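Residue numbers run from 1 in the order of the sequence given. Quantities reported herein were computed from a predicted structural model and do not represent experimental measurements. Scope of the values below: all heavy atoms of this structure, side chains included, with no hydrogens, waters or symmetry mates.
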Amino acid sequence: MADGALMDANTVLLVFIAVGLDGLAGLAGGVLSEPWLQRRLPALVAFAAGTLLSAVFLEVLPEAVKAQGDAAFAWAFASFVALALLEWGLGHHHHDAEAAAGHAHGAHGHPGSPTLPSALLASDALHNVGDGAAVAAAFLVSPEAGFATAFAVIVHELPQEVGDYALLRAAGWTRARSLAALAAVQLTAAVGAAGVLLGTRYLPSLQGTVLAIAGGSFLYIGAVDLLPELRRGPDTRQRVVGFLCGLLLIGGLHFAERFAGGHG
């Protein structure tokens, strides 16, 4: 934990820098091309899976258990199940690069439908609130856990955002209107982050629950959304190397911090 100060200025600054970078990912559709994503995304996704799963088991869940005891596992399990049900209910899963290409060709229904952009943006807004809350919760554990979480969130959102941009354009929206709408939706991540920061400041007893819920969410994202990417496509070596690098990065930082703390 960052010196016991749940709401110190450094933590707040780091949280909103990370949320801002996540917001920029929401504009990726107007900048990044599908061929570029297809070439580079697999290794990035594998790396993100490694960093996020390391952060869950080495940083987030241990801190949640320290704050709340064994009840933390029940909260983590509940958040894992709730996130799965939410994604299934909304029908708004994180897309891989191939699905984004399908978006561009109207593979998910009728791009011309007047209700599609509104439903798409509303679902994105709800999801971004959760992303912002998750990033803030991770930074309450440590900067390493926070940046690992932010990186994973950004990477697994990239193809989704490209696909959302393509859908808005297919629905007849102009480039400027599509980017403005996606930028506005990204602001909801700041709402989620602020909610976690303020909640844990004024109700410190929420800290363990928030971390446990975040741990379950991270486990779902890493194990369900990201880790299966290791088994797709011909470039298995790149994916495995990316995954192991992610594990080693967070694991190395974690044990280096513990070693330094034990000899400080």
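Judged as a ring pair (Phe, Tyr, Trp, His ring centres under 6.0 Å), and not counting sequence neighbours, the contacts of F47 are F151. The ring pair (Phe, Tyr, Trp, His ring centres under 6.0 Å) search around F16 returns none, not counting sequence neighbours. Under the side-chain hydrogen bond (donor to acceptor under 3.5 Å, both in side chains) criterion, Q238 pairs with no residue at all, not counting sequence neighbours. In this structure, the side chain to side chain contact (heavy atoms under 4.5 Å, CB included) partners of V81, at least two apart in sequence or on a different chain, are F77, L85. Under the side chain to side chain contact (heavy atoms under 4.5 Å, CB included) criterion, T174 pairs with A176, R177, sequence neighbours left out. Every residue meeting the side chain to side chain contact (heavy atoms under 4.5 Å, CB included) condition with L203, not counting sequence neighbours, appears here in chain and number order: L206. For L24, the side chain to side chain contact (heavy atoms under 4.5 Å, CB included) criterion is met by L21, not counting sequence neighbours.
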Show your reasoning for whether side-chain contact (heavy atoms from CB on, under 4.5 Å) applies to L52 and I221. CA-CA 8 Å; L52 194 56; I221 293 170; 3.7 Å; yes
Verdict with reasoning, V155 to L226, per side-chain contact (heavy atoms from CB on, under 4.5 Å): CA-CA 9 Å; V155 167; L226 301 181; 5.5 Å; no
Apply side-chain contact (heavy atoms from CB on, under 4.5 Å) to the pair T149 and F139, showing each step before the final yes or no. CA-CA 9 Å; T149 302; F139 271 106; over 6 Å; no
Any chance you could lay out the side-chain contact (heavy atoms from CB on, under 4.5 Å) test for L121 and L168, step after step, and finish with the verdict? CA-CA 9 Å; L121 294 173; L168 293 177; 4.3 Å; yes
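Evaluation of the side chain to side chain donor-acceptor pair (under 3.5 Å) test over residues 44-59, restricted to residues two or more places apart or in two chains, returns E59-S142, E59-H254. Residue pairs meeting the ring-ring contact (aromatic ring centres under 6.0 Å, His included) criterion with at least one partner in residues 177-219, sequence neighbours excluded, are absent. Pairs engaging residues 186-198 under the side chain to side chain donor-acceptor pair (under 3.5 Å) rule: E161-Q186 [sequence neighbours left out]. Screening residues 65-80 for side chain to side chain donor-acceptor pair (under 3.5 Å), with sequence neighbours left out, gives Q68-T209.
A125 approaches V185 most closely through the heavy-atom pair N-CG1, 3.6 Å. Of all the heavy atoms in P228 and A223, the pair that sits closest is CD-O, 3.3 Å. Minimum interatomic distance between A137 and L211 (heavy atoms only, all atoms of both residues): O-CD2, 3.2 Å. The shortest non-hydrogen separation linking A48 to A152 is CB-CA, 3.6 Å.
Summarising the geometry, atom CD1 belonging to I154 is positioned 11.0 Å from atom CG belonging to L44; distances are rounded to the nearest 0.5 Å. A distance of 11.0 Å separates CZ of F57 from CG of L247, quoted to the nearest 0.5 Å.
In the hydrophobic clustering (ILVMFWY side chains linked at under 4.5 Å, chained through shared members), F73 is joined by V65.
Under the 4.5 Å side-chain criterion, counting only non-hydrogen atoms from C-beta, V135 is not in contact with D22. Between L140 and V15 the shortest side-chain heavy-atom distance does not fall below 4.5 Å.
A side chain to side chain contact (heavy atoms under 4.5 Å, CB included) with F243 is found for exactly one of L248, V45, L53, namely L53.
Cluster membership for V153 and L197, using ILVMFWY side-chain heavy atoms within less than 4.5 angstrom, is shared.
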